[in-house]
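Some notes on the structure that comes next.
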Amino acid sequence: MEKPVDPEDLNEALRQRLPGAERHRALALAHPRTVTERAWQLVCLGVALRHTGNYGAALQALDAAVALNPQPRAERAAYLCAVAVHQDRGDHEAALRISRSMPE
């Protein structure tokens with residue numbers, strides 16, 4: 001996975017790409033209490049960016065979530081979304097590779 005980026009940069013990218021999307025703006029402004037909460041926010045950000053077709057930024061958000069070393073369910077969600085992003089891009093080999101390396 002790529003080097004994690006500053007989550008604040010990802011939040012700003014989301015604000016710029018999804019103007020008027022109140023739910024996503026609230027996500028970007030939320031203050032997590034735990035590392036796992038922050039990871040879930042990044043997973044949600046990754047999902048939102050995937051749906052806009054911004055696959056590179058989606059993968060950055062998911063990489064940042066995994067880099068936080070959150071609880072297993074949040075980490076697994078990040079991997080699952082990354083698999084979906086790679087499938088959307090048509091990179092089925094990468095999707096399969098990530099799927100096989102997914103934590104249990």
Side-chain angles (χ1 to χ4, degrees):
M1 295 194 172
E2 295 177 14
K3 179 183 171 192
V5 297
D6 181 2
E8 295 306 316
D9 292 342
L10 293 171
N11 288 337
E12 184 57 33
L14 179 64
R15 283 188 204 104
Q16 291 174 5
R17 286 180 176 82
L18 300 172
E22 293 301 323
R23 182 181 68 148
H24 301 299
R25 191 172 301 133
L27 170 67
L29 297 172
H31 295 286
R33 292 178 300 225
T34 67
V35 167
T36 297
E37 277 186 15
R38 184 61 177 160
W40 277 114
Q41 287 177 329
L42 289 165
V43 169
C44 291
L45 176 60
V47 169
L49 290 167
R50 174 186 171 227
H51 287 292
T52 66
N54 191 341
Y55 302 127
L59 291 173
Q60 286 182 329
L62 299 168
D63 288 343
V66 170
L68 292 173
N69 197 25
Q71 292 176 349
R73 288 182 65 172
E75 184 177 22
R76 187 167 171 80
Y79 273 80
L80 287 170
C81 188
V83 168
V85 169
H86 284 291
Q87 287 178 335
D88 290 349
R89 292 172 120 182
D91 190 350
H92 302 292
E93 289 180 26
L96 183 59
R97 193 171 50 252
I98 292 168
S99 179
R100 288 181 177 159
S101 67
M102 191 179 323
E104 299 205 17

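Remember, it's a predicted structure, so these values are computed and weren't measured experimentally.
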Legend entry - Cluster link Met102 to Leu96, ILVMFWY, side chain under 4.5 Å: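 No, it is not one cluster - the side chains of Met102 and Leu96 are not joined through contacts under 4.5 Å.
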Inset, instruction - Any chance you could lay out the side-chain contact (heavy atoms from CB on, under 4.5 Å) test for Gln41 and Leu45, step after step, and finish with the verdict? - result: CA-CA 6 Å; Gln41 287 177 329; Leu45 176 60; over 6 Å; no
From [X] atom [atom1] to [Y] atom [atom2], the distance as rounded to the nearest 0.5 Å:
X: Leu80; Y: Arg73; atom1: CG; atom2: CZ; answer: 11.5 Å
X: Cys81; Y: Leu42; atom1: SG; atom2: CG; answer: 11.5 Å
X: Ile98; Y: Glu93; atom1: CD1; atom2: CD; answer: 12.0 Å
X: Tyr79; Y: Ser99; atom1: OH; atom2: OG; answer: 11.0 Å
X: Cys44; Y: Leu62; atom1: SG; atom2: CG; answer: 10.0 Å

Inset, instruction - Output yes when a side-chain donor or acceptor of Glu75 lies under 3.5 Å from a complementary backbone atom of Gln71, and no otherwise. - result: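 No; zero donor-acceptor contacts below 3.5 Å.
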Inset, instruction - For Arg76 and Pro103, indicate whether the former's side chain and the latter's backbone hold a donor-acceptor pair under 3.5 Å. - result: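 Yes, Arg76 side chain to Pro103 backbone: donor-acceptor pair under 3.5 Å.
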How close do [X] and [Y] get, heavy atom to heavy atom, and via which atoms?
X: Val43; Y: Ala77; result: CG1-CB, 4.1 Å
X: Thr36; Y: Ala74; result: CG2-CB, 4.1 Å
X: Pro70; Y: Ala65; result: CD-O, 3.3 Å

Legend entry - Partners passing side chain to side chain donor-acceptor pair (under 3.5 Å) against Asp91 (at least two apart in sequence or in another chain):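 By the side chain to side chain donor-acceptor pair (under 3.5 Å) rule, Asp91 matches no residue at all.
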Legend entry - Sub-4.5 Å side-chain heavy-atom contact between His92 and His86: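 Of all side-chain heavy-atom pairs linking His86 with His92, none is under 4.5 Å.
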